[in-house]
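Contents: one structure, followed by commentary.
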Amino acid sequence: VAARPLAQVVPVPAVVRQGGAPYTFGEGTVIRVSPGAVGVGRYLAGLLRPSMGYPLPLRPLGRRDGIVLALSGHAGDLGDEGYRLDVTKQGVAITAERPAGLFHGVQTLRQLLPAAVEERTPQPGPWTVSGGTITDVPRYSYRGAMLDVSRHFFTVAEVERYIDQLALYKIDYLHLHLSDDQGWRIAISSWPRLAAYGGSTEVGGGPGGYYTKAQYEQLVRYAASRYMTVVPEIDMPAHTNAALASYGPLNCDGVAPPLYTGTNVGFSSLCVAKAVTYRFVVDVLRELAALTPGPYLHIGGDEAHSTSAADYTAFMDRVQPLVTGYGKTVLAWHEITNAHPVQGAVAQYWGTAGTEQGVVAAAKAGTRLVMSPANHTYLDMKYNPSTKLGLSWAGYTEVKDAYGWDPATFLRGAPASAVLGVEAPLWSETISTSDDIGYMAFPRLPAVAELGWSPAVSHDWDAFRLRLAAQGPRWDALGIDYYRSAQVPWP
Ligand SMILES: CC1=[NH+][C@H]2[C@@H](O1)O[C@H](CO)[C@@H](O)[C@@H]2O
């Protein structure tokens, strides 16, 4: 079995030098780790032991043989997430400045092994990795995936499964859309009805659900163990029916509307004029900030069709300082640029044309961008008219569409330096199971992940589609029910 070319990896690494003797894992292979790399070593062992059937014991650094996970102990040109991977006859050495870099190197090593390595029962080898060197660093530091847990609720186990799938493609931010018209999904101690009542249903009228604080902290820890930072979103002032239904006083007329299980948007708004609204926002953001080790709180801001422009601006002027007051950075959908984005705020672009001059102007004035153009990155868009799941308001999105754009230039006129990275949102109006997530996210999520990680100069659909094809057998082994796009030459 010819060992896989080093450059076959998705996202494609920055620098690949193929050559030299391959390395073959065996009964005696050990995993040697720096003191700070024990967690990554345990993760790697957990990946390889079931399918290889080898003991793969963890050992301290010593002889340079077998698998080495070493932290360099000094700042260099690999940064927080980069790594170097050297394959020789003696073994595979992954070096990095930070554990996240080692973790990303492990994802690359994983992909250099046969797809059978993803099986959870002993598989025949050989477990050979081609000789050579990879030096790899990300193009963007923000490479996100969003899961809408409001329209349909997903359990901790279902989210953790998605986290594991995202880790394979070096995604480092998980944006959880925790509230919307159809469901409030995070327990807030000072406003208990938000989750207890506001989380009691979902699109289609199912049982919904919510995360207790302990469950949410479990998700944050699990994501962190895969070097992913959680970005919680409380969407405001629109997309708030679940909160408005839970507390009558939050409504301008004091009357709580019924819970909503449909899929319309833009009909709800917090009452901008009432003082209680800001007590609500302060309490929610305070409790959420306490649960969020990451730098961002996402305050939504999209589709405020039932909020006047003046009220929207007044609301955002009052709410953004609350986020920064808790030491967090504001993330919001790009409509925030119609108001006054505070210094340091990040706008998440979700348009389709790349011509919104208000967003361009804000970017020129210092607002940074996370790029999520809906006609390229929305994983809830149908692949084609016959796709059962998903929506089509932004058009049909095949794999080539997910890959065929440049985050640096999509928003025309915005400085490339304003772009922090990319994010692939998966809205869940029509998505309710892990299999649904897998079908819509694969193969398009890896395309967006490559746009976030790999150098612009490596962007090439003809090469990418071949590398993507080699991922198919991995997804089969991982039990991911992916869409077999005709654009990809699956093996
Ligand atoms: C930012 C944004 N707001 C809308 C829009 O994206 O489309 C999504 C469906 O594709 C929908 O669920 C969401 O509420």
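All values below were derived from every heavy atom in this structure, side-chain atoms included, with hydrogens, water molecules and symmetry-related copies excluded. Order of listing sets the numbers, starting from 1, for every ligand and every atom in it.
- Judged by the shortest distance from any of its heavy atoms, M381 lies inside the 4.0 Å radius around the atoms of ligand 1.
- The contact set between ligand 1 and Y378, taken as ligand atoms under 4.0 Å from a residue heavy atom, comprises 1 (C), 2 (C), 6 (O), 7 (O), 10 (O).
- At least one test fails for R286 against the ring of Y326: distance under 6.0 Å to the centre or angle within 45° of the axis.
- Relative orientation of the Y378 and W393 rings is perpendicular, given thresholds of 30° and 60° on the angle between their planes.
- When only modelled atom types and interatomic distance are considered, Y227 and E81 share no side-chain donor-acceptor pair under 3.5 Å.
- R467 has a carboxylate O that lies under 4.0 Å from a charged side-chain N of E450, or vice versa, which qualifies the two as a salt bridge.
- Below 3.5 Å of separation, one finds an N or O of D380 facing an N or O of ligand 1.
- Close approach to L391 involves these atoms of ligand 1, each under 4.0 Å from a residue heavy atom: 9 (C), 10 (O).
- Of all the atoms in ligand 1, the ones that sit under 4.0 Å from a non-hydrogen atom of E429 are 9 (C), 11 (C), 12 (O).
- The ligand atoms of ligand 1 that sit less than 4.0 angstrom from a heavy atom of E303 are 3 (N), 4 (C), 13 (C), 14 (O).
- Checked by distance only, ligand 1 and R151 come closer than 3.5 Å through their nitrogen or oxygen atoms.
- Partner of Y482 under the ring pair (Phe, Tyr, Trp, His ring centres under 6.0 Å) criterion, chosen from W475, Y383, Y439: W475.
- Within the 3.5 Å criterion, the main-chain N or O of T263 finds no donor-acceptor partner in the side chain of R151.
- Under 3.5 Å, the side chains of W350 and E423 contain no donor-acceptor pair of N or O atoms.
- In this structure, the protein non-hydrogen atom closest to atom 3 (N) of ligand 1 is D302 OD2, 2.7 Å.
- The nearest heavy-atom contact from the protein to atom 5 (C) of ligand 1 is W350 CZ3, 3.5 Å.
- Less than 6.0 angstrom separates the ring centroid of F153 from the ring centroid of Y211.
- Close contacts of ligand 1 with W393, meaning ligand atoms under 4.0 Å from a residue heavy atom, involve 7 (O), 9 (C), 10 (O).
- Of the polar atoms of W333, none of the N or O atoms is found under 3.5 Å from an N or O of ligand 1, judged by distance alone.
- No part of D148 comes within 4.0 Å of ligand 1, judged by heavy-atom distances.
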